[in-house]
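Read the structure below first, then the notes.
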Amino acid sequence: MTEPAKPAPTAAISAAPLSGGKPPAAPAPATAVDDLISADRLRRLLAEGNGAGVKVAVIDTGVEASHPHLENCVKGCYEVVRRGMNFACQPCAPVDHVGHGTACAGIIHSYARQADIYSVRVIGQNASGTGDQFLAGLAWAIEQKMDVVNLSLGTTQRRFHGTLHDLADRAYFQGTILVAAANNYQQASFPAVFASLIAVDNQSFPDPLAFRYHLGRPIEVEAQGIYVRAPTVGGKYQLWTGTSFACPHISAIVARLRSVLPTVTPFQVKTLLWCLRGNLEEK
Amino acid sequence: MTSPAPPHEPDWHALVSQLIDTVDQARVRSLEAQNQLLALARSTLRAAEAGLLVPADDPRNLRFLASLNSTPQITQKVLSLLVPCDRSIGGYVFSTGLPLAYVNDPQAADEPQRLYKGVDEATGLVTRVYLAVPVQQQERILGVLTFVNRPGGDEEPFTAQEMQWGQRFAALAAALLQFHERVQMYRVWAEGELRRAAQTGTAPLGPLAMDIQEEPSQMPLARIVGKVEALPPHDQELVADLLEVLAVHWSRRADHD
């Protein structure tokens, strides 16, 4: 919401397949990388993807796993607790006292129905301790080799910058894709500003899977995050607005891509998203 | 020719008490300003209720420092409430610094869902549309501005533009909150000085207070806070961490004893 909606530049998209086929007799020099990749084929892949076999961690306020909308997609619930001077991640009841994590998990499940969701509860009793719990939860998700980690949260505190940067790099090199909600007003939020992950701002899109990709900005992706109908606690639904709710749309898209391209790396996922950019305008 | 009379010893106790009165007036004025700002924000965002959540003494909770509601009775109730950090959207916004809004599902035929029912139950209000934006100064989150419902029972959701406006009001609220915090800190220091004077049978701002310049170990809490405030944000956070760890340690030791 940093600026009014405006279409991202769209590229001329070739209908040629990614590989194979007879090359044209006199190929024109490629002027853009996305000329080499078929957006049509990517869209087909995206349509085929359902998240099957993909593990998505939702680091948030917990998830009400029994919510009918979630259809038993939640395969594990964990919480970060303080143990002496340290924090540890341990199994916990499948509950969400706030409703935020349930909404995020619900959005992911809506668009990646076969993905396995793992809830990691990091919002602690003491507001001042949340940053540490967040770090511990993220470290745990990376250790567990989750395929996608949805981070509809962040911290503005610079003291976490270094550790979060290391964790984001670890995830990047390992192949775990982090998707983080941006703080879109005045203050940079970590880890959303790191280049090794996918940061998401919110915008209004009629198509929930539409998004824009702004190459070269710290926050590269804009996705649907305006009054998204999503589950909340008590088996009910609410309509939510915020970058928090744009983020899980992109997590779902990444889960779909990963279910059809299991070995795709974070770098490749960003490239594919870039090639799919402006998919709303292309339809 | 007579030499001038030696100056009378000032009444230090009266001076410090006067200082506390002045500080109290400033504190009241800062709250009045916060309420005026809240009223302006409420009217600009067309909200029925507006509030400013800040950390309570118990760090597990937030409390309303200011609240504007349909009746003074509701405001009184709201001001006495505690909102748990880990069970409320306000707490989520405070923890993460991310603004958000929600509206109850218009398709829901039954009783609308209410997130953290504590405020609604205490006031008899039903939250239908809600907006919460963080109040932050640089990287530090000081509180949360909340806007609830529309006047006249209209259920129109808060718009993205209203969220942006809310964030602008939050920036103004942050400046006032910082002023309020400093005034509060000054009062704590002055009260402590009066208490110390009463305990030691000396005048306030006496030798011990003067020695503070020389002997850091005798610093009262307010002076430590002042020193910490002068540190860069990163160092402030380290001190906060250290104090938190010590607090946990002392609390456990007290339990053990």
Side-chain angles (χ1 to χ4, degrees), chain A residues 1-2 60-62 82 84-85 97-101 103 121-134 152-161 181-190 202-204 225-227 229-230 232-245, chain B residues 55 58-62 84-89 91-108 110-116 130-131 133-134 136 138-141 157-161 163-164 167-168 170-171 232-238 240-241 244-245 248-249:
Chain A
M1 291 190 308
T2 49
D60 214 288
T61 60
R82 187 190 277 270
M85 300 290 286
H97 295 301
V98 178
H100 190 276
R121 183 170 183 270
V122 297
I123 301 292
Q125 284 191 328
N126 187 337
S128 64
T130 295
D132 294 301
Q133 285 171 287
F134 169 39
S152 287
L153 73 175
T155 176
T156 54
Q157 296 179 49
R158 189 156 283 278
R159 69 181 166 123
F160 294 116
H161 178 281
N183 184 336
N184 52 15
Y185 187 75
Q186 287 191 344
Q187 188 66 49
S189 177
F190 310 113
N202 66 330
Q203 190 54 266
S204 181
I226 307 288
Y227 289 111
R229 187 171 186 267
T232 190
V233 290
K236 297 185 176 177
Y237 289 84
Q238 275 174 320
L239 278 69
W240 302 83
T241 287
T243 57
S244 294
F245 310 104
Chain B
D58 175 350
R60 292 173 300 181
N61 294 304
L62 302 174
C85 289
D86 63 341
R87 288 171 185 252
S88 63
I89 288 291
Y92 176 84
V93 173
F94 184 82
S95 299
T96 65
L98 295 177
L100 62 78
Y102 71 76
V103 57
N104 283 310
D105 183 10
Q107 295 173 30
D110 55 355
E111 171 75 4
Q113 174 56 27
R114 288 189 248 176
L115 300 180
Y116 182 61
Y130 182 86
L131 168 65
V133 294
Q136 60 192 90
Q138 295 180 327
E139 62 187 67
R140 186 175 157 228
I141 298 174
F158 290 105
T159 64
Q161 187 182 47
M163 185 183 276
Q164 285 190 334
Q167 287 171 300
R168 288 175 191 270
H234 179 75
D235 292 344
Q236 285 180 358
E237 296 296 342
L238 288 176
D241 276 356
E244 195 182 338
V245 168
V248 169
H249 171 70

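Reminder, nothing fancy here: chain letters follow the sequence lines and each chain counts from 1. Treat the numbers as computed from the prediction; the structure is a model and nothing was measured.
Expressed to the nearest 0.5 Å, how far CE of B/Met163 lies from OG1 of A/Thr243 amounts to 8.0 Å. Considering OG of A/Ser244 and CG of B/Leu98, their distance stands at 5.0 Å, rounded to 0.5 Å. The distance from atom CZ of B/Arg140 to atom OG1 of A/Thr156, rounded to the nearest 0.5 Å, is 11.0 Å. One finds the CD1 atom of A/Ile123 at 6.5 Å from the OG1 atom of B/Thr96 (value rounded to the nearest 0.5 Å).
When all heavy atoms of B/Ala160 and A/Ile226 are compared, the pair lying nearest together is CB-CD1, 4.0 Å.
Between the side chain of B/Glu139 and the backbone N or O of A/Arg158 there is at least one donor-acceptor pair closer than 3.5 Å.
The side chain to side chain contact (heavy atoms under 4.5 Å, CB included) search around B/Pro157 returns A/Tyr227, B/Val103, not counting sequence neighbours. Not counting sequence neighbours, the partners of B/Tyr92 by the ring-ring contact (aromatic ring centres under 6.0 Å, His included) test are A/His100.
Between A/Arg121 and B/Asp86, the closest side-chain pair of non-hydrogen atoms falls below 4.5 Å.
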